**Q** 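Pasting in a structure now, in structure tokens, and then I'll have a few things to ask.
Please read these numbers as outputs of a predicted model, since none were measured by experiment. By convention in this document, chain letters (A, B, ...) are assigned in the order of the sequence lines, proteins followed by strands, and residues within each chain are numbered from 1.
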2 protein chains.
Amino acid sequence: MSLAETSTKPGAGTLYKTIRQDIERRILTGEWPPGHRIPFEHEIMEHYGCSRMTVNKALSELAQADLIERRRRAGTFVRRPQFLSAVLKIPDIRAEIGALGRAYGYELISSARRTANSADRERLGVKTPCKVIAIRCRHSADGLPFAIEDRLIDLDAVPDAAKANFKIDPPGSWLLHHVPWTEAEHAISAIIADDAIAAGLDIAVGAPCLVIERHTWRQGQPLTAVRLVYPGEQHRLVARFRGSE
Amino acid sequence: MSLAETSTKPGAGTLYKTIRQDIERRILTGEWPPGHRIPFEHEIMEHYGCSRMTVNKALSELAQADLIERRRRAGTFVRRPQFLSAVLKIPDIRAEIGALGRAYGYELISSARRTANSADRERLGVKTPCKVIAIRCRHSADGLPFAIEDRLIDLDAVPDAAKANFKIDPPGSWLLHHVPWTEAEHAISAIIADDAIAAGLDIAVGAPCLVIERHTWRQGQPLTAVRLVYPGEQHRLVARFRGSE
DNA sequence: AGCGAGTTTATGTATAGACATATCGCCCGT
DNA sequence: ACGGGCGATATGTCTATACATAAACTCGCT
């Protein structure tokens, strides 16, 4: 029990993957519950009889996958699992539609620049007064409505947005290419189309819609808040992924 | 232009992060489109004047994040972005409800073991005849309906499932703890509650529902297919994440 | 031309050692 | 008791080197 388990099935052939999978297994089965401090690199390295870099590589990958949290001097801890957390990787609708091989269409419905009212401030999560741009637009694929977008941009945080031409560029694409972000949050829910949504998406009132709300920050400062409404029966969010081999 | 840009803002203080972000930026802005071969480790290492291990660390992280694909002898290539791919990280409803601090309830509605009919086979994606378990159950939080689950398990791929007691253990939890998987696929969509769903979730017919369909494989072999229906106005899939600092 | 064996090359893994950096805790002085 | 400073310690980064491995390429044989 004390030495490296070269006798057990090697798992994946390489040492660091074996280490990573051993730890991953213990976390997923609950043997090491959230908050548990996993052995120091020093100890793991002795257990497997390898160098610290090898252990470090295994732990770094687990940290990148958010399974563990590493704190200097304190050690490495099992993270609370992110239940049903949904990560939408690339948020650019224009590119998405292009990748589907369909013709992208964009239409600016309304655009207003104003001092943020209390609803705007709450939605963005800012406390101090600021200027915002409020945009409503529609994306379409092959001429058919694809999504309705409702967006608020904090002009103080993104002053360049005042110079962008949102009659031509979709705000999502423009922001993705011009503004770096550090944190984001998504929420996905389902709603029933009301009159405005039904008209905008060319579907029946009462039809199901998928709603994605996204907030984006840079170093804790709110940049933009957006709400995208998709026809729910036509649109599916699909993801395929691997379980770290 | 030829040497390391120590004059530009360091980005993140450490070299490998600078390298990773430089490359990430070029990919996200489209400067290096999908399929583009990015410079060899050898070249990057000379460009930044560092060792290959440092470059390798940066590229490994980008590969883990699925931004690039690495092929021996051929080089490293920008991957086709996974548009709007949604990754639901932990699929265990029992743990999810527990984490919300609410009391978990589980009720098996029906369970049947049978030889897969053609609909079962299509849903699972198997071609040859096999045995399956079909389960319908309900999850609740604090006594209120939380989700309806409809699941198919391939008994040939997961023979142990015949011994599990799904009257007590939710099939999702049981599978998570007993069956390793290597690939999974999610699809999220929105539907309108029909009679059966409305009754099961205690909501009105015509109310919006969020649907998650998940398929799970091990080494390409289908293990299980599940469809989860949530009340759409009460339930939101939320995720917060960082943009690789 | 077709095919198989050998070569080249870029990535993959692993090592030992070095120094940096964030903190946890302890000790000491007020 | 309280707080500031400092040392111990675990992780973070980086290097130079070595060998393994897979795949693309070359070349020569039939």
**Q** Round to a whole Å and report the spacing from CD1 of A:Ile68 to P of D:dA10.
**A**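 These atoms are roughly 16 Å apart.
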**Q** Rounded to the nearest angstrom, tell me the gap between atom CG in A:Asn56 and atom P in C:dA18.
**A** 18 Å
**Q** Send over the distance from B:Glu69 CD to C:dA10 C1', rounded to a whole Å.
**A**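 So the CD-C1' distance, B:Glu69 to C:dA10, works out to 14 Å.
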**Q** If you measure only the distance, is there a donor-acceptor pair under 3.5 Å linking the side chains of A:Ser173 and A:Asp169?
**A** no
**Q** Got a sec, which residues hit salt bridge (Lys or Arg N to Asp or Glu O under 4.0 Å) with B:Arg102, two or more places apart in sequence or on another chain?
**A**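 Per chain and number, B:Arg102 pairs via salt bridge (Lys or Arg N to Asp or Glu O under 4.0 Å) with B:Asp142.
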**Q** Tell me, please, which residues at least two apart from A:Lys163 pass salt bridge (Lys or Arg N to Asp or Glu O under 4.0 Å).
**A**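 Expected list: A:Asp160.
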**Q** The side chain of B:Arg70 lies closest to which of these nucleotides: C:dT11, D:dT11, C:dA14?
**A**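 For B:Arg70, the side-chain atoms sit closest to C:dT11.
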**Q** Separation of A:Tyr48 atom OH from C:dT13 atom P, in whole Å?
**A**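 Interatomic distance, OH of A:Tyr48 to P of C:dT13: 16 Å.
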**Q** Over how many whole Å does the gap from A:Ile19 atom CD1 to C:dG12 atom C1' extend?
**A** 15 Å
**Q** Listed by chain and number, what are the ring-ring contact (aromatic ring centres under 6.0 Å, His included) partners of B:His42, not counting sequence neighbours?
**A** none
**Q** What I'd like to find out is whether the side chain of A:Leu210 reaches to under 4.5 Å of the side chain of B:Leu210, using heavy atoms alone.
**A**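 Contact flag for A:Leu210/B:Leu210 side chains = yes.
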**Q** Measure the distance from CG on A:Leu62 to C1' on D:dT11 and round it to the nearest whole Å.
**A**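 So the two atoms are 15 Å apart, to the nearest Å.
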**Q** With sequence neighbours excluded, tell me which residues meet side chain to side chain contact (heavy atoms under 4.5 Å, CB included) with A:Asp150.
**A**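 Testing A:Asp150 for side chain to side chain contact (heavy atoms under 4.5 Å, CB included), a comparison that skips the adjacent residues, returns A:Arg123, A:Arg136, A:Arg227.
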**Q** Under the side chain to side chain contact (heavy atoms under 4.5 Å, CB included) test, which residues partner A:Ala74, sequence neighbours left out?
**A**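 Expected list: A:Arg71, A:Phe77.
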**Q** Expressed as a whole number of angstroms, how long is the span from A:His42:NE2 to D:dG12:P?
**A** 17 Å
**Q** Tell me whether the OP1 or OP2 atom of C:dG12 has a side-chain N or O from A:Lys57 closer than 4.0 Å.
**A**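 False: A:Lys57 side-chain N/O out of range (4.0 Å or more) of C:dG12 OP1/OP2.
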**Q** List every contact pair, protein side and nucleotides 15-19 of chain D side both N or O, where the distance is under 3.5 Å.
**A**
residue : atom : partner : partner atom : Å
D:dT15  : OP2  : B:Ser51 : N            : 3.0
D:dT15  : OP2  : B:Ser51 : OG           : 3.0
D:dT15  : OP2  : B:Thr54 : OG1          : 2.4

**Q** If you compare every side-chain N and O of A:Lys17 against the phosphate oxygens of C:dT13 (OP1, OP2), does one of them come in below 4.0 Å?
**A**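 True: A:Lys17 side-chain N/O within range (under 4.0 Å) of C:dT13 OP1/OP2.
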**Q** Would you list the protein and nucleotides 22-28 of chain C atom pairs, both N or O, that sit under 3.5 Å from each other?
**A**
residue : atom : partner : partner atom : Å
C:dC24  : O2   : A:Arg73 : NH1          : 3.0

**Q** Not counting sequence neighbours, which residues clear ring-ring contact (aromatic ring centres under 6.0 Å, His included) with B:Tyr104? List them please.
**A**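 B:Tyr104 satisfies ring-ring contact (aromatic ring centres under 6.0 Å, His included) with B:His139 once adjacent residues are dropped.
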**Q** For a quick check of understanding: with a heavy-atom distance under 4.0 Å over all strands, which category does A:Thr76 fall into, base, sugar-phosphate or nothing?
**A**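 The answer is sugar-phosphate, as A:Thr76 gets under 4.0 Å only of primed atoms, P, OP1 or OP2.
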**Q** Going by the rule salt bridge (Lys or Arg N to Asp or Glu O under 4.0 Å), which residues pair with A:Glu122 if we only count those two or more places apart in sequence or in a different chain?
**A** none
**Q** Output the single nucleotide from D:dG12, D:dC14, C:dT13 whose closest atom is nearest the side chain of A:Thr14.
**A** C:dT13
**Q** In this structure, how many angstroms lie between the P atom of C:dG12 and the OH atom of A:Tyr16, rounded?
**A**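 From A:Tyr16 OH to C:dG12 P: 9 Å.
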